[in-house]
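Notes for the one structure printed next.
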Amino acid sequence: MKNQSVGNRIDYISILLYIVLVIMGWMTIYSASLPLEETSIFDISQIYGRQMLFIGLTIPLIFIILFTDAKIFERLSFVFYGLGIILLLGLFVFGVTKKGQTNWYQFGGFGFQPSEFVKTATALLLAKYLSYSQINLKYTKHQIIGLAIVFIPVLLILMQPDAGSAMIFISLIFVLNREGLPSWYFFSGIIAIALFFLSLVIQPTYLIGIVFIIMVIHYIFNRKISRNPIVYGLLYLVMAGFAFSVSYVYESVLEPHQKDRINVLIGDDVDMKREGYNLNQSMIAIGSGGLMGKGYLEGTQTKGGFVPEQHTDYIFTTVGEEWGFIGSITVILLFVALFLRIIYLAENQKTKFSRVYGYCVATYLFTHFFVNIAMLIKLFPTIGVPLPFFSYGGSSLWAFTILLFIFIKLDANKVNEW
């Protein structure tokens, strides 16, 4: 089979969706950061000017990726991962602390957040590991190695501490589950999260009583898995112990700002002028947009600067205020179209490496998207997760671009795979 050029096989639908989202993202950043005195859109002293520079620099980055041999990304996956871990470790010596988190390197007036790029390295190594023919995630040894690839950067990032970025890495459990990891890993995580939050709003004694009733019902009607009463008893003791330990973790382990974010989510004694201010203002901004929005550059909440960090984590509030419900749904549909396109392409890959990597890309992007939007409407704690292609920042934009275009390159090369 003759090799075909990249241009003949490239997925232009994905690229078009990427371009539209990046342009809309810059327009939103421009509106959210526009000063009183009009300046050039290329003025790098302004946030929108720097974002324009970051966007411009993605162009050579994209061409480098598309004209690189696709096999390089698989062959050097361990090298990329190793360099990523070194960069994360280096933060503890050379990193700059911002807002209590040591997760940045500073070079003059520009910052570099390595965790954004380690996401791609982790996805590449995970895809490489799972692509070996002898790997079967039904075996404990293989499960441990696969989970270790994901959780080594998670532990380093939690030490920064950056819970938001760590959670994005943990979302790769969906990919592992898709490739054969037993479902109990996934459900154990869901149950632990549910027990944690329920323990904060329900007395642990009542909660474990409810858990006991649920487990008895499950034991009686369960027909698919082992009905060993000893297993059920051990699981109940573990969950009961976990439920009673939550109050200690909440009071003695979590930082004050972390407790504030949880309080905001569960509505427990929240001061809307302090810890609840950001969320309250973001909901006001989104709600004020109505059906059609106030018009581009016409958002009063945006122009008044009522929503802190509106050009980063809260960027979608500008979309909601100025473009309204119709505009917000349009942006959401564009993201969904990109996710579905990536999944479709992943399912049609000829190699397991490319397929797994494609699912990692879709998982990363969807988790960022879902968590960022959910934060703004009080469905998720505020943990500082950027909206892909919209939130201000060179590190996030370049990292998302690299993540996506490596997959586009792998997809373009599938015609040459046997």
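Because only heavy atoms are used, hydrogens play no part in the values below, and waters and symmetry mates are left out as well, while side chains stay in. In this chain, numbering begins with 1 at the start of the sequence shown. Here the structure is a predicted model, which means the values were calculated and not measured.
- For the residue pair K409 / T68, no side-chain donor-acceptor distance below 3.5 Å is found, with atom types taken as modelled.
- For CZ of F244, the number of neighbouring non-hydrogen atoms (other residues, nucleotides, ligands) closer than 6.0 Å is greater than 12.
- Aromatic ring orientation, W323 versus Y296: tilted (interplanar angle from 30° to 60°).
- Summarising the geometry, atom CD belonging to Q46 is positioned 11.0 Å from atom NE2 belonging to H311; distances are rounded to the nearest 0.5 Å.
- When every heavy atom of M239 is checked against every heavy atom of V211, the shortest pair comes out as CE-CG1, 3.9 Å.
- A donor-acceptor pair under 3.5 Å is absent between the side-chain atoms of R355 and the main chain of E347, judged by distance alone.
- If you take OG on S33 and CD on Q51, they are separated by 9.0 Å, rounding to the nearest 0.5 Å.
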side-chain contact (heavy atoms from CB on, under 4.5 Å) between L126 and C360, intermediate numbers included: CA-CA 9 Å; L126 186 64; C360 288; 4.2 Å; yes
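- The aromatic rings of F63 and F67 lie parallel to each other, with less than 30° between the two planes, well short of the 60° mark.
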Worked verdict on L376 versus Y314 for side-chain contact (heavy atoms from CB on, under 4.5 Å): CA-CA 7 Å; L376 305 184; Y314 290 88; 3.2 Å; yes
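- With hydrogens and angles disregarded, a donor-acceptor distance shorter than 3.5 Å links the side chain of N372 to the backbone of D313.
- The aromatic rings of Y129 and H142 lie perpendicular to each other, with more than 60° between the two planes, well past the 30° mark.
- Ring geometry, F353 versus Y357: the interplanar angle falls under 30°, so the pair is classed parallel (tilted spans 30 to 60°).
- In this structure the side chain of T351 never reaches within 4.5 angstrom of the side chain of S131, judged on heavy atoms.
- For the pair L345 and S14, the minimum side-chain heavy-atom distance is below 4.5 Å.
- L365 has its side chain out of reach of F335: every pair of non-hydrogen atoms, C-beta onward, lies at least 4.5 Å apart.
- Listed here is the closest heavy atom pair of A166 and L158: CB-CD2, 3.6 Å.
- Looking only at atom types and distance, the side chain of S391 has no donor-acceptor partner in the side chain of T312 under 3.5 Å away.
- Under the 3.5 Å distance criterion, the side-chain polar atoms of Q113 are left unmatched by any main-chain donor or acceptor of W104.
- Note: F169 CZ to I149 CD1 = 13.0 Å, rounded to the nearest 0.5 Å.
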side-chain contact (heavy atoms from CB on, under 4.5 Å) evaluation trace for F117 with W398: CA-CA 8 Å; F117 299 90; W398 296 336; 4.0 Å; yes
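- The two residues A243 and L207 come nearest to each other via the heavy atoms CB-CD2, 4.2 Å.
- A donor-acceptor pair under 3.5 Å is absent between the side-chain atoms of E116 and the main chain of F400, judged by distance alone.
- Proximity of a side-chain donor or acceptor of Y48 to a complementary backbone N or O of S31 within less than 3.5 Å is not detected.
- Remark: side-chain polar atoms of Q101 are not paired, donor with acceptor, to backbone N or O of Q160 under 3.5 angstrom.
- Considering every non-hydrogen atom in both S288 and A285, the closest pair reads OG-O, 2.8 Å.
- Side-chain contact between V96 and Y105 is absent, with no heavy-atom pair separated by less than 4.5 Å.
- A 6.0 Å sphere centred on CZ of F92 holds more than 12 heavy atoms belonging to other residues, nucleotides or ligands.
- Two residues are said to be in side-chain contact when any heavy atoms from C-beta on lie closer than 4.5 Å; T122 and Y364 meet this criterion.
- Summarising the local packing, CZ of F196 is surrounded by more than 12 heavy atoms from other residues, nucleotides or ligands at distances under 6.0 Å.
- Interatomic distance, K352 NZ to L130 CG, rounded to the nearest 0.5 Å: 6.0 Å.
- Looking only at side-chain heavy atoms (C-beta outward), T28 and F316 stay at 4.5 Å or farther from each other.
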Steps toward side-chain contact (heavy atoms from CB on, under 4.5 Å) verdict (K414, S354): CA-CA 9 Å; K414 70 175 182 288; S354 297; over 6 Å; no
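- Considering only heavy atoms from C-beta on, V22 comes within 4.5 Å of L397 through its side chain.
- Residues T363 and R178 fail the side-chain proximity criterion, which asks for heavy atoms closer than 4.5 Å.
- Judged purely by atom type and a 3.5 angstrom limit, Q143 uses its side chain to pair as donor or acceptor with the backbone of L137.
- Across every non-hydrogen atom of V150 and V154, the tightest pair is O-CG2, 3.3 Å.
- Scanning all heavy atoms of the two residues, the minimum distance from S115 to D162 falls at OG-OD2, 4.4 Å.
- The number of heavy-atom neighbours closer than 6.0 Å to CD1 of I44, taken from other residues, nucleotides and ligands shown, is 12 or below.
- Relative ring orientation between F54 and Y392 is described as tilted, the plane-to-plane angle lying within the 30° to 60° band.
- Counting only distance, with no hydrogens or angles, the side chain of E74 and the backbone of A70 share no donor-acceptor pair below 3.5 Å.
- With rounding to the nearest 0.5 Å, the separation of CG in L181 from CG in L172 is 12.0 Å.
- Ring-centre distance between F405 and Y18: below the 6.0 Å cut-off.
- Within a 6.0 Å sphere centred on CZ of F151, other residues, nucleotides and ligands contribute more than 12 heavy atoms.
- The aromatic rings of F107 and F112 sit tilted relative to each other, their planes meeting at an angle between 30° and 60°.
- Separation of atoms OG1 (T317) and CE (M375) is listed at 10.5 Å; rounding is to 0.5 Å.
- With respect to L404, the side chain to side chain contact (heavy atoms under 4.5 Å, CB included) criterion is satisfied by exactly one of I408, I406, I402, T401: I408.
- Taking the six-membered ring wherever Trp is involved, the centroid distance between the rings of F174 and F186 falls below 6.0 Å.
- In this structure, H368 contributes its side chain and I168 its backbone to no donor-acceptor pair below 3.5 Å.
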